[in-house]
Amino acid sequence: MADSQLKQCQWNMRSSQYLGEISALCFLHLPSHLSSFPFLLAGTGSQVLLYDLESSMMIKSFQVFEGIRVHGLICSLLDNTTLGCKVVVCGEKRVKLFNLTFELVSKSNTQSEFCVDLCLLHSLPRFTHWVLDALFLKDHCLAIGCSDNSVHVWDMLKSSLVLQVPSPDRCLLYSMRLWGDNLEALRIASGTIYNEIMVWKVICQHDSPTSTSSVKGCMNLSSSNSNFAKCYDQQYKAVHICRLVGHEGSIFRIVWSSNGVKLVSVSDDRSARIWTIHDHDDRREIVGPVLFGHSARIWDCCISDHLIVTAGEDCTCRVWGLDGKQLWVIKEHIGRGIWRCLYDPNSSLLVTAGFDSAIKVHRLHTSVCKTLDLEGDADSEDIIEGAQISITCIPNSMEHAGLMDSKSEYVRSLYFKCEDTIYVATNHGYLYHALLSETGDVKWTELVRVNGEVPIVCMDLLSASLSRNHCGIVDWVAVGDGKGNMTVVGITGNPSSPKVAFAFAWPAGAERQLLGTYWCKSLGSRSCKFTADNLALSVERHIWYCFTTDPRGVLKLWRLYDPSISVCQDSQRISLIAEFPSSFGIRIMCLDASFEEEVLVCGDLRGNLILFPLSKDLLLCTAATSGVKISPLSYFKGAHGISTVSNISVSRLRHGQVEIQTTGADGCICYLEYDKDQESFEFIGMKQLKELSLIESVSADFKSADDLANRNYAAGFASTDFIIWNLLTEAKVLQIPCGGWRRPHSYYLGDVPEMRNCFAYVKDEIIYIHRHWLPGGCKTKFPRNLHLQFHGREMHSLRFVSENSQVQGNEEENLVDKSSWIATGCEDGTVRLTRFAPEMENWSASKLLGEHVGGSAVRSICFVSKTHIIPSDVSSTPGLEKGQNDTSDGKQNPCLLVSVGAKRVLTTWLLRNRSLDEEEEIYPEQKLNRCETGCKPTVKQCSSMSFRWLSTNMPIRSPSMEGREKTMRATNKISSLDSDAKTGSTLIEKEGTKSKTCLVNKYEDDWRYLAVTAFLVKCAGSRLTVCFVVVACSDATLTLQALVLPHRLWFDVAILASMPSPVLALQHAVVPFCNLTQISSTYLVITGATDGSIAFWDITESVETFVQRVSSLNIEKFIDCQKRPRTGRGSQGGRQWRSLNSSMSKRRLGGDSVTRKAGDVDNSDSNITPDTSSELNDLQKRSKNCSQAEHDTLLEPETSRTDSLTEICEIQPIHVMNNVHQSGVNCLHVSGDFQGSENCYLLNIVSGGDDQAVHCLQLKLTLSSTELDAKVVTSETIRSTIQSESIENIVDCSNKNQAPNHIRFLNQYRIPSAHSSAIKDGTWVFSTGLDQRIRCWLVGEHGELTEHALLIISVPEPEALDARACGRNHYQIAVSGRGMQMVEFFLP
């Protein structure tokens, strides 16, 4: 569409739901026959959300303000005849009164839904001070309390303000709460800035007006909104009741009890206080208990007849009794704390909400009772809804009276088979079967007793539901005893009468050396042909596999034959297949295997992972040998630090690749990948659960059973409590005090763990069994998360993420393209990926990618998806067509997400596409298993986007002051050495002209990265891809770094000459040029600094030289030292700085010339210098398969690292535009278009600054002939309002490897508007600022900006903006700051 047509069109803007802090909560009670739970109103941003707590669904969202945050919601009683109520919405100094109506509409004979409408009744005039509270009174009046300690009364029938009463003590308030149902009973509690609470009331005054403290005034809104008409029919005044003193900080929240006698206040001093107020002759206040427990400020509180709830900045919600005893603690929010809490005594629902955007609902009486000591309370079972708590003992222990002694029998192992069946093993060698009834009774059945009456030390269960060929056996139970013998017991019959079908034993190890036994559930049972000794025919038999471990880390694999066939002799029932000795000699704690990929993964006591080959021939009896020792394929040292690996799950990604998920006693979930062809065992990600100190396993619901990345439930321990945690909603499902993980325990999770979970543990000689098993038709499950949980702090950066190339603004609209993924970086160091679904106009999913080292703040994010190709011979590459960007090997280009932040942390993430070959590469047997279980990949799983942690670049602190001083020096004299590619000789250095340039590393923790930009480059014919990353540091330095993929090696390529001021914004532009004889690209970097200047850098020579030389090296011989996050919360540790030493160019690149010192000798350009060659030869001697994260494996010695930095070249800017902005340049965005008719490239550069101005610059990059003389070409007239240096000439950015390139600055345009901007397709500019407005500007032919639309958003203090074209004349704009919001800009 032409520009003239775009100017004439009427463009529309539409905002979506605000994703940020929840600032107000209010219950709305419907008749019991319509809903058993109340509805919930929640205020977020400028919107009000309505939720149905019974279905946990959001019914509707309403926009009530423009740019004003909702901080108060008050509902009147519901009118049962009209199913409507009045809702007061408070926002800053504004109050609006709405009418909320419900209508029940039948969708079918059995289903119905509510249709809700919110209609504005009154918009009250703007008050002079903030509105703190409102209260409905009789006679259709509304009382409003303001922060100047005054009360206003609004007549809803007359639509006028009829009364204004100030308090006799005029002061500013932090909080106010009103109580009463009429004006005579109205009581006001005001929390002042002086840490006091003033309680006062309003009474009628019959004296003259001069004796009153205030008079009433009314305003007729129907006639005027600005003129007050005063009338005096009777007078009112404020009367002081009492002053409450005791808090040592500001009063943030006050609540009245239902009868107006008690008052609860919370303060900045981290305490809550209970006051008793007397309002008659005795005006003494009684100070109740002081509630201490929060570790930070308390923001909110509520009170009922039996308990008090407080919520604070420490992200905890605490429940107290009226006597001051703490009953329960909820800690499920993140970030700046819980801002609102709300309790409904009728339904026992507790709602919490905070800065992290989450709204969490708990069933309070259920959870509080679970935290009580239930062991001596027999009546407590009836209190917990849906839960059953049983107390029992093993049979022999019931006969024992008195204290336990060395001969007493006690429980050694527990194992839940299902919700009503437990297997119990004891120290006397007994194996019991326990059946739990619905009434809580336990039926015991003694199964077997092992030979020798020795203690059972380990037990594992293989159920028939996990094995396709169970041969009539319901359960296979394997137990190991203290003598080193293994016993396998087969159980048949129904649960009420179990029977032992068989039991056989064999020696599996030495005495006291058998520590563990494991059924490998993934191997299950297999069928194979077996030839009996006494028969000449072969019979098909079923076999099972069992593992045993010893203290020295030796794992033994045993083959168990089907005992039901009569031809089987006792000696043929069991055979040793193989032994797997660990590389570390440490006890194996868990294992899992993949039959299809023939791999076995084990985890030991010290956090190490060992990977063994497990061939099918060995398992299916086709191998000739047995009992062989199998060496490890690979190992990973310290995957969980030095903590125990507690669980391993192996899942097949595609042919030759498996994904491994591990949990451990460090509270982390680790993800690794093994590639059989590449023999690589790589760490790809980690998630730390701060709520759990030990994670025993990660389970899935019935929807995501096959996807390791989407498993939603973690079970483990925090101190002495057993906890089930929902990873998706970040909510605690269950918490049971049990004494810790060292006690014998077992748990079982149903299809919905919130509704079906079991846990049993042993204390002394008593078994405590907790069962929470609701029927399948029950819809209510607690806790719940109503609203998407997001970052808990401010966001500094965001980017749209897409694995496909971006849709242009003139292409057809596609709904799939409109579904957006957005990456955000937060102040707390987290990086999240959030999905926006336009069909729902809502944020549908948000997942945590990871966290920076030590939680260091994320300042900037960029996404890289396009790979640029450099010909192997840049000077002459005939036959290549323009725009060639495909890799030579046909593999998919990598898509990277790069984040930088405080402590100079640079983290990269790699896009994972799990949908590739999801169905095509499934083995027939695996397809059969999926058909039987009914589990198959869903569309949601296949289309979900996910990133894996790739690498983190972090400088190492210098151990000596000498090295520190050396790295801080930078000289201005750099020798230039020329090279000749034809001679093939090595590069020769002269001591006198050796480069002294280095990176300015100051090694203080306060240095941080402020901005980042990155692009991918690949040399034609090479398998390596290089991600070039340009980062700006707060010490005013710019560095060009390179990440070589797939080997994850970091190199320092160049430094960009130090700027006088720190750089706040970075962008790059890759400009392709081609003609009949060559193809080339120019790589430009554009920077915006705090002094308002914009600089241009040409890094083409450094990029091309590095890519060509690193492609020629045997880079795969370099050892990848960085494998796992090392330190901090989910951190990725540091790395060794590397460079290509003398193989890199030593020129100082700048301006249009390269200087040469006298005495310099021309030297040939070689791919590998002597230093590099010796380094590679040394590396070739090392093992290629070094997947463990050993910190002592380094590429270069510590002492030589600083010397290698001095080899890095320094690049000078080709042009600097000063005073573009009057203050810092906060953002830059670049777009370009190739002008075929002029054989040039047109770039549009948009910048936004702290001066609230948007600046648009157009420049033209031309591939000129060598005869072009700069004096002949004149630039076009520059129309600009900025004061800058003259740029009336053409800037030459050519180098010797390219044809000359010239940059011509064409047009500049500046308007005072906003501080952040983005440009797409060279057509539209979108800007935002502290005024919370998004403006849309059309870019004219000469760079002028014309405003076409404006929209007020709900995001306070917006800091970042990004936009993308998702169809023809349809754009999506994402804004983040204290929250995030999506805006659609489209042509109807």
Filter on salt bridge (Lys or Arg N to Asp or Glu O under 4.0 Å), then keep only pairs touching residues 727-739, sequence neighbours left out; what's left? Lys687-Glu730
Distance check, rounded to the nearest 0.5 Å: Thr310 atom OG1 versus Arg318 atom CZ? 7.0 Å
Plane angle bin for Tyr761 and Tyr768 - parallel if under 30°, tilted between 30 and 60°, otherwise perpendicular: parallel
Would you say the side chains of Trp200 and Asp169 form a donor-acceptor pair under 3.5 Å? no
Give me the ring orientation class for His152 and Phe127: parallel if the planes are under 30° apart, tilted from 30 to 60°, perpendicular past 60°. perpendicular
d(Phe790 CZ, Phe355 CZ) to nearest 0.5 Å is 10.5 Å
How long is the gap from OG on Ser35 to CG on Leu30, to the nearest 0.5 Å? 6.0 Å
Partners meeting ring-ring contact (aromatic ring centres under 6.0 Å, His included) with Phe136 (sequence neighbours left out): none
Ring centres of Phe37 and Phe782 under 6.0 Å apart? yes
Would you confirm whether Ser357, through its side chain, and Gly20, through its main-chain N or O, come within 3.5 Å as a donor-acceptor pair? yes
Euclidean distance, Glu1357 CD relative to Gln1332 CD, rounded to 0.5 Å: 8.5 Å
Short side-chain to backbone donor-acceptor contact, Arg69 and Ser1354, under 3.5 Å: no
Is there a donor-acceptor pair closer than 3.5 Å between any side-chain N or O of Ser46 and the backbone N or O of Ile68? yes
Identify the two heavy atoms, one from Ser61 and one from Leu49, that lie closest to each other, and give their separation to 0.1 Å. CB-CD2, 3.4 Å
Pairwise distance CG(Asp133) to CG(Leu135) - rounded to 0.5 angstrom: 7.0 Å
For Ala296, does its backbone N or O pair with a side-chain atom of Glu313 as donor and acceptor, under 3.5 Å? no
Taking Ser267 for the side chain and Ser250 for the main chain, is one N or O donor matched with an acceptor at less than 3.5 Å? yes
May I ask you to decide if the ring planes of Phe759 and His770 are parallel, tilted or perpendicular, using 30° and 60° as cut-offs? tilted
Pro38 and Leu349, any side-chain heavy atoms less than 4.5 Å apart: yes
Could you tell me whether the side chain of Leu307 reaches within less than 4.5 Å of the side chain of Trp320, counting heavy atoms only? no
Restricting to side-chain contact (heavy atoms from CB on, under 4.5 Å), what partner residues turn up for Ala24, sequence neighbours left out? Val70, Leu73
What pairs of residues pass the side-chain hydrogen bond (donor to acceptor under 3.5 Å, both in side chains) test when at least one of them lies in residues 18-29, not counting sequence neighbours? Glu21-Arg1378, His29-Asp344
One thing to verify: whether Arg336 and Glu794 come together as a salt bridge, which I'm taking to mean a side-chain N less than 4.0 angstrom from a carboxylate O. yes
Where the side chain of Asp314 meets the backbone of His294, is there a donor-acceptor pair that is under 3.5 Å apart? no
Can you list the residues that meet the ring-ring contact (aromatic ring centres under 6.0 Å, His included) rule with Phe98, with sequence neighbours excluded? none
Got a donor-acceptor contact below 3.5 angstrom from the Asp300 side chain to the Cys341 backbone? yes
Using every non-hydrogen atom in the two residues, find where Cys90 and Ala134 come nearest and quote the distance to one decimal. SG-CB, 4.3 Å
According to ring-ring contact (aromatic ring centres under 6.0 Å, His included), who are the partners of His71, at least two apart in sequence or on a separate chain? Trp130
Under a 4.5 Å cut-off applied to non-hydrogen side-chain atoms, are Leu28 and Cys85 in contact? yes
Could you report the tightest heavy-atom contact between Ser190 and Asn149, atom names first, then the distance? OG-OD1, 2.7 Å
Any non-hydrogen side-chain atom of Glu691 less than 4.5 Å from a side-chain atom of Lys331? no
Measure the spacing between OH of Tyr343 and OG of Ser348 and express it to the nearest 0.5 Å. 4.0 Å
Checking Lys360 side chain against Glu332 main chain: does a donor-acceptor pair fall under 3.5 Å? yes
